[in-house]
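Both backbone and side-chain heavy atoms feed into the values below; hydrogens, waters and symmetry mates do not.
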Amino acid sequence: MDEHLMERIQRASELLRTTGSWEQCWSQGVTPWDLGDVTPIIAYLVSKNRLPVGKALVPGCGLGRDVVALANPDRHVTGLDISDTAIELARQMASTGPSARWVEFISTDFFTYSPSVQFNLIFDYTFFCALGPSLWPKWGEKMAELLALDGELITIIYPVDGHEGGPPYAVSLELYEKVLHPWGIRNTFFEENTLSPSRRKGREFIARWRKV
């Protein structure tokens, strides 16, 4: 990991420790978790047409690149983030693109978000691991509330490395199963993410889940 990235990670950790505010990180431009592009596995799955259509949700969407990548006439996508700055930037970036008519961005708390419809697809990457253990059971309950029957949840399980503290907090398939199984959400696919960004290689797995 390069020195500049390490400095940004340390700065973000300091901001979160002292302010508890993701908005502070976004407003100060200290976002080392942002890949700067569409998540590679999402780009691949979209290109192969291997995703459900209908309504999709990306919680903790940041600048919304994955929201835009997922959107098409058959898949309308909502991006959520607790940061007003992130959502405003996401709206600006998406507004002139070809997918603009099929996306919406909402600045809100995931746990209080209460849409009028459920979602056929939800994508979670670096959201679960940012919340921490005390909120993981509540995350599972909320996912069950938001996901439609037979809908699919796709999670990038990261970081799988057993480190202490966070965010990001170390995670595992078993931790996800513990909070999803009570709500009837079952794992259907699990493997190492071969399209993981280089700095996350070997610490990232893709899991697909179905609500039954």
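- Taken to the nearest 0.5 Å, the CG atom of D37 stands 12.5 Å off from the CD1 atom of I42.
- Side chains of F119 and V58 form no contact here, defined as non-hydrogen atoms less than 4.5 Å apart.
- Screening L51, D124, I122 for a side chain to side chain contact (heavy atoms under 4.5 Å, CB included) with I154, the sole residue that qualifies is L51.
- Residues Y44 and V38 fall within the same hydrophobic cluster, defined by Ile, Leu, Val, Met, Phe, Trp and Tyr side chains chained together at heavy-atom separations under 4.5 Å.
- Of the possible donor and acceptor atoms, one in the side chain of H163 sits under 3.5 Å from a partner among the backbone N and O of P168.
- When atom types are taken as modelled, the side chain of R91 and the backbone of F105 share a donor-acceptor pair closer than 3.5 angstrom.
- Here the SG atom belonging to C129 is positioned 11.5 Å from the CG atom belonging to L175, to the nearest 0.5 angstrom.
- The two residues A90 and G64 make their nearest non-hydrogen contact at CB-N, 4.1 Å.
- One finds the OG1 atom of T78 at 3.5 Å from the CD atom of E104 (value rounded to the nearest 0.5 Å).
- Between D150 and R210 there is a side-chain heavy-atom pair separated by less than 4.5 Å.
- Heavy atoms only, all atoms of each residue included: S99 and A71 are closest at OG-O, 3.6 Å.
- A heavy-atom distance below 4.5 Å is not found between the side chains of I82 and F110.
- Proximity of R199 to L35: side-chain heavy atoms (C-beta onward) are separated by under 4.5 Å at one or more points.
- Side-chain contact between P59 and Y113 is absent, with no heavy-atom pair separated by less than 4.5 Å.
- Ring pair W136/F128 is parallel by interplanar angle, where below 30° counts as parallel and above 60° as perpendicular.
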Open item on the list: side-chain contact (heavy atoms from CB on, under 4.5 Å) for E88 and D81? Distances and angles first, verdict last.
Closed with: CA-CA 10 Å; E88 182 56 34; D81 207 285; over 6 Å; no
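- Note on ring orientation: taking the six-membered ring where Trp is involved, the planes of W209 and Y176 are parallel (angle under 30°, cut-offs 30° and 60°).
- The hydrophobic clustering, which links ILVMFWY residues whose side-chain heavy atoms are closer than 4.5 Å, places L63 and I41 apart.
- By the 4.0 Å N-to-carboxylate-O rule, K142 lies close enough to E145 to be salt-bridged with it.
- When every heavy atom of S27 is checked against every heavy atom of T85, the shortest pair comes out as CB-OG1, 3.9 Å.
- K211 is not listed as a side-chain neighbour of L153, based on a closest heavy-atom distance of 4.5 Å or more.
- Without hydrogens or angle criteria, K201 side chain to T194 main chain gives a donor-acceptor distance under 3.5 Å.
- The structure places CZ of F189 at 6.0 Å from CD1 of I206, a figure rounded to the nearest 0.5 Å.
- Shown here for A170 and G162, the closest heavy-atom pair between the two residues is CB-N, 3.8 Å.
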TODO: Decide yes or no on side-chain contact (heavy atoms from CB on, under 4.5 Å) for R186 and H181, but give the supporting numbers first.
DONE: CA-CA 6 Å; R186 298 288 187 263; H181 279 188; 3.5 Å; yes
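- Between F111 and L135 the shortest side-chain heavy-atom distance falls below 4.5 Å.
- In terms of modelled atom types and a separation under 3.5 Å, the side chain of N193 and the main chain of E204 share no donor-acceptor contact.
- Counting heavy atoms from C-beta on, the side chains of R65 and D34 come closer than 4.5 Å.
- For L173 against A207, the heavy-atom pair with the smallest separation is CD1-CB, 4.5 Å.
- Residue L121 is not grouped with residue L180 when hydrophobic side chains (ILVMFWY) are merged at heavy-atom distances under 4.5 angstrom, including chains of intermediate members.
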TODO: Show your reasoning for whether side-chain contact (heavy atoms from CB on, under 4.5 Å) applies to T155 and M143.
DONE: CA-CA 11 Å; T155 59; M143 283 295 180; over 6 Å; no
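- In terms of modelled atom types and a separation under 3.5 Å, the side chain of R75 and the main chain of L70 share a donor-acceptor contact.
- Distance check: L57 CG to N120 CG gives 11.0 Å after rounding to the nearest 0.5 Å.
- A distance of 7.5 Å separates CH2 in W102 from NE2 in H76, rounded to the nearest 0.5 Å.
- Residues N72 and D74 come closest through the heavy atom pair OD1-N, 2.7 Å.
- With hydrophobic clusters built from ILVMFWY side chains whose heavy atoms lie under 4.5 angstrom apart, V68 does not share a cluster with M93.
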Task: From CA spacing to verdict: side-chain contact (heavy atoms from CB on, under 4.5 Å), C61, I87 - done: CA-CA 8 Å; C61 70; I87 288 297; 3.9 Å; yes
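- V77 and L89 are assigned to two separate hydrophobic clusters, defined by single-linkage of ILVMFWY side chains at heavy-atom distances under 4.5 Å.
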